[in-house]
Protein chains: 2
Amino acid sequence: MTGIRQLAEHLDISIGTVSRALNGKPDVNEETRRRVLAAAEELGYVANQSGRSLRQGETKVIGLMIESSKETVENADNFFLGVTSGLQSVFARHKLDLVMLPCPSDEDPHEYLKRMVARRIVDAMIISDTQRVDRRIDFLSRAKIPFVALGRSLSAGNFPWIDLDFEGVADHAVERLIARGHRRIAITAPSSEANLGYLFVGSYRRALERHDIAFDPALVIRVKSSEQGGYQAAHELLQLEERPTAVILIYELMAIGLYRRLMESGILPGRDLAVIGFRDAPRARFLQPSLSCFRISLYDLGVDLGRMLLANMPAYRDFYPDSGRDIIWPLELVPGESDAFDVGAIV
Amino acid sequence: MTGIRQLAEHLDISIGTVSRALNGKPDVNEETRRRVLAAAEELGYVANQSGRSLRQGETKVIGLMIESSKETVENADNFFLGVTSGLQSVFARHKLDLVMLPCPSDEDPHEYLKRMVARRIVDAMIISDTQRVDRRIDFLSRAKIPFVALGRSLSAGNFPWIDLDFEGVADHAVERLIARGHRRIAITAPSSEANLGYLFVGSYRRALERHDIAFDPALVIRVKSSEQGGYQAAHELLQLEERPTAVILIYELMAIGLYRRLMESGILPGRDLAVIGFRDAPRARFLQPSLSCFRISLYDLGVDLGRMLLANMPAYRDFYPDSGRDIIWPLELVPGESDAFDVGAIV
DNA sequence: CCTACATTCGTAAACGTTTACGGAGTGCGT
DNA sequence: ACGCACTCCGTAAACGTTTACGAATGTAGG
């Protein structure tokens, strides 16, 4: 493979000049720069990243850590692929590359992260699936590795993150349903006492009480946020003595299972039960009746995530002076047929 | 951050000895090795990968290139995540790490690959989504970069690959359906003249003719291999003057859309039309009636892919002496309800 | 006591790049 | 003729690690 040395010999100039020419340094004759660039193209020279990293102490690579948990694989919503395109559009401007780091399911995410960072494979990290207390966040903070998190956490006082607006969605959904005459509204939440479930249900409760509707714990269906979870949620809904007229799903994908279970009992979403979904899962886009759903532009989310990260890296800070922090990502309601009916009209 | 120099000073021995101790070289006293390892653990020392890579000319990182095409995102089957776990189980034994390299959709995959390789971010590559003529394969072959491909190609005479047994599946499916009395069997194929479609349909045709059933081009439904494609396939099936009694899907995911379209017309899969799927798509696992389908263990596929790659790398070749090449991956039929009826019994 | 050998360790070069520093050449004003 | 500023380029050190080589020590055999 051709290194900078071969390139310099071929051009009969010193490697220092070649390097400066390639890196756009000012103290090099424009004519020589032209020759160097031409020769580099001709010989197919690309700088060896190891040498460069060693010298300047940075790799120009950003890592996106993902966990290949069973749940991720089963849900299969390609959430991350959607985000990467937005991330890359930002990184490309600075010649940064993005790699996805899949943490093996049998390895502790914290250890995996430490290894990747210590080996200096990446300069900065994007982490996701944040836990309520997340050792990764403490580690990255202390080690002063630039990072952003996709998801809130209670760990480490102050770090940049973006999270979805669970509270806004629940509030909006309840308001919308109430406006259509619904009084008995169910909601799904993760079985664990996760942060996001707390926010989601809390906001739902406040919205109900604002309209003098008593909060009924029986209407909070705790199931897994997956297609099967949706199936089970429908099953539990049908068991209730006083059946709700509407249900809010914390994860769009659940609608697939929910629809199926409902249809099995001859209940048609959008006619017999209003359904509103949340989050973005491409596979749920083609349901019938179409799902009313709060959607995200994963691309835009990736862009903001990338900007926020760079704003936290000294070398790029100046490019993103007014980049926000701790963004609560708003979602847009895409109306469908699944909540199209007014209860008032029926009663 | 602590480097090998700090570690050596702390122990009051030379950095050469520290390095040898850490790397398990024989010419170091066991007592000193113990001390070094203890100190490394205590100080949290991890070798800087840039320095190491530079010296030994290898990065100990394997790249899995994925394309975030629109189709991938929409299909959302997490095929790659499933494969990575198998890959990592092999790589972990040799302290190799796996990174996923998502090629931006606006960049030429060939250029992207060249960049990643030239920058020496990875030692070896796993590529997928191979095209009939694929410049990446020619490039990697010429540059002598170890690689394996997930998918066949007509490029570059001789390279290691694994591909799914399209021919075996089509053959098996046809035989199975004929044994149950079906004579009019439809099949789906990609709209493009892709390699795999050619193999799939070709084998289907030969199996039919083996049983003296004339090949009817009208029964080859050319649609996209996606959920929507399945919907459209069903639609086209219903238009046919003489409706088939069975259909073979080239991609399991299509079953979701197909089912929906069929149900809309009151046709029940497994009772009115036999359906057999192919490939592994977790989201299709929960269909009702359950889908008869040729499934893969993505984990096992990953394991073999990893082994095949290492067998092509000088440093690891000896560990995998009898690793096969050019594997046509066999699939196992997981019977379901969707093809459970005998046409003979009805007629 | 000398030689031969094994064990253990230190020394220094090398990997490919970037960059601080200084030198050579030129032009210009005094 | 001299000094100065400016442009352009070469030199060499540095990044953190591995490893070939040889030095030092100990041990055993003659």
Side-chain angles (χ1 to χ4, degrees), chain A residues 1-37 39-40 43-61 95 97 115-123 315, chain B residues 1-37 39-40 43-61 95 97 115-123 315:
Chain A
M1 281 278 175
T2 63
I4 202 176
R5 178 156 273 116
Q6 285 77 45
L7 198 54
E9 285 176 5
H10 179 258
L11 288 164
D12 202 34
I13 54 182
S14 78
I15 63 171
T17 304
V18 173
S19 175
R20 281 193 299 269
L22 291 173
N23 293 22
K25 298 293 158 121
D27 54 347
V28 45
N29 189 313
E30 277 310 320
E31 165 61 14
T32 31
R33 188 192 305 280
R34 204 193 47 70
R35 285 181 54 224
V36 170
L37 290 176
L43 302 189
Y45 168 80
V46 179
N48 178 316
Q49 189 59 32
S50 299
R52 170 179 283 170
S53 300
L54 184 56
R55 167 66 213 221
Q56 18 195 49
E58 56 180 13
T59 64
K60 302 276 186 187
V61 176
K95 292 187 184 293
D97 275 310
R115 208 175 76 229
M116 289 298 161
V117 168
R119 284 180 60 185
R120 313 285 149 72
I121 290 183
V122 299
D123 289 340
Chain B
M1 281 276 173
T2 63
I4 202 175
R5 179 156 272 114
Q6 286 77 42
L7 198 55
E9 284 177 7
H10 179 257
L11 288 164
D12 201 34
I13 54 181
S14 77
I15 62 171
T17 305
V18 173
S19 174
R20 281 193 300 268
L22 291 172
N23 293 22
K25 298 293 157 118
D27 55 347
V28 46
N29 190 315
E30 278 310 320
E31 165 62 14
T32 32
R33 188 193 305 279
R34 203 192 47 70
R35 286 179 53 222
V36 170
L37 291 175
L43 301 189
Y45 168 79
V46 179
N48 177 317
Q49 189 60 33
S50 300
R52 170 179 281 171
S53 300
L54 183 56
R55 167 65 214 225
Q56 12 194 59
E58 57 180 11
T59 64
K60 301 275 185 188
V61 176
K95 293 185 183 294
D97 275 310
R115 208 175 75 229
M116 289 300 160
V117 167
R119 283 181 60 185
R120 311 286 149 72
I121 290 182
V122 298
D123 288 340

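Residue numbers start from 1 in every chain, and the chains themselves are labelled A, B, ... in the order their sequence lines are given, proteins ahead of strands.
Nucleotide dA12(C) holds its P atom 13 Å from the CZ atom of Arg5(B), rounded to whole Å. When the C1' atom of dT18(C) is taken as reference, atom OH of Tyr45(A) falls 10 Å away, rounded to whole Å. As rounded to whole Å, 18 Å separates atom P of dA14(D) from atom CG of Asn48(B). Rounded to whole Å, atom C1' of dT18(C) lies 12 Å from atom CD of Gln49(A). For the pair Ile121(A) CD1 and dT17(D) P, the interatomic distance rounds to 14 Å; values are reported in whole Å. Taking atom CD of Glu58(A) as the reference point, atom P of dT18(C) lies 11 Å away to the nearest angstrom. In this structure, Arg20(A) places its CZ atom 15 Å from P of dT17(C), rounding to the nearest Å. Distance CG (Leu11(A)) to C1' (dC9(D)): 14 Å, rounded to an integer number of Å.
Nearer the 5' end of DNA chain D, as judged by each residue's closest nucleotide, is the contact made by Leu54(B), out of Lys25(B) and Leu54(B). Mapping Ser19(A) and Val28(B) onto DNA chain C via the closest heavy atom, the residue that lands nearer the 5' end is Val28(B).
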side-chain contact (heavy atoms from CB on, under 4.5 Å) for Arg34(A) and Glu31(A)? Distances and angles first, verdict last.
CA-CA 5 Å; Arg34(A) 204 193 47 70; Glu31(A) 165 61 14; 3.1 Å; yes
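Put simply, the side chain of Val18(A) does not reach to within 4.5 Å of the side chain of Tyr45(A), judged on heavy atoms. Arg33(B) places none of its side-chain heavy atoms less than 4.5 Å from the side chain of Val36(B). With contacts defined as side-chain heavy-atom distances shorter than 4.5 Å, the pair Gln49(B)/Asp97(B) does not qualify. Annotation: side chain of Val61(B) is not in contact with side chain of Asp123(B) (no heavy-atom distance under 4.5 Å).
Across all non-hydrogen atoms, the minimal contact from Ser50(A) to Leu54(B) is CB-N, 3.8 Å.
Side-chain nitrogen and oxygen atoms of Gln56(B) include none within less than 4.0 Å of the OP1 or OP2 phosphate oxygen of dT17(D). The shortest distance between the side-chain N/O atoms of Thr17(A) and the OP1/OP2 oxygens of dC9(D) is not below 4.0 Å. For dT18(C), the OP1/OP2 oxygens have a side-chain nitrogen or oxygen of Asn23(A) closer than 4.0 Å.
The CG atom of Asn48(B) lies 10.0 Å from the OG1 atom of Thr59(A); values are rounded to the nearest 0.5 Å. Of the inter-residue distances, the one linking Leu43(B) atom CG with His10(B) atom NE2 reads 5.0 Å to the nearest 0.5 angstrom. From Ser53(A), atom OG reaches atom CD1 of Ile121(A) across 11.0 Å, with rounding to the nearest 0.5 Å. Separating the CZ atom in Arg5(B) from the OG atom in Ser14(B) is a distance of 11.0 Å, to the nearest 0.5 Å.
For Arg120(B) and dG16(C), a side-chain-to-base donor-acceptor distance below 3.5 Å is absent, hydrogens and geometry of angles not being considered. Side chain Arg55(B) to base dG16(C): no donor-acceptor pair is found below 3.5 Å. Contact annotation: side chain of Asp27(A) to base of dC9(D), donor-acceptor pair present below 3.5 Å. With hydrogens and angles ignored, no donor-acceptor pair closer than 3.5 Å exists between the side chain of Arg52(A) and the base of dT17(C).
For Ile4(B), whose side chain is taken as the heavy atoms from C-beta onward, the closest listed nucleotide among dC9(C), dT17(D), dT18(C) is dT17(D).
Counting non-hydrogen atoms under 4.0 angstrom, Thr32(B) reaches the backbone sugars and phosphates but no base. Nucleic acid contact class of Gly16(B) (heavy atoms, under 4.0 Å, all strands): base. Within the 4.0 angstrom heavy-atom criterion, only backbone atoms of the sugar-phosphate kind lie near Ile13(A); the bases stay farther away.
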Pairs under 3.5 angstrom, nitrogen or oxygen only, protein versus nucleotides 23-26 of chain D, please.
none

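Judged purely by atom type and a 3.5 angstrom limit, Arg35(A) uses its side chain to pair as donor or acceptor with the backbone of Leu11(A).
Overall, the helix from dC1(C)-dG30(D) to dT30(C)-dA1(D) carries an axis bend of 70° between its ends, with five pairs at each end and the value rounded to 10°.
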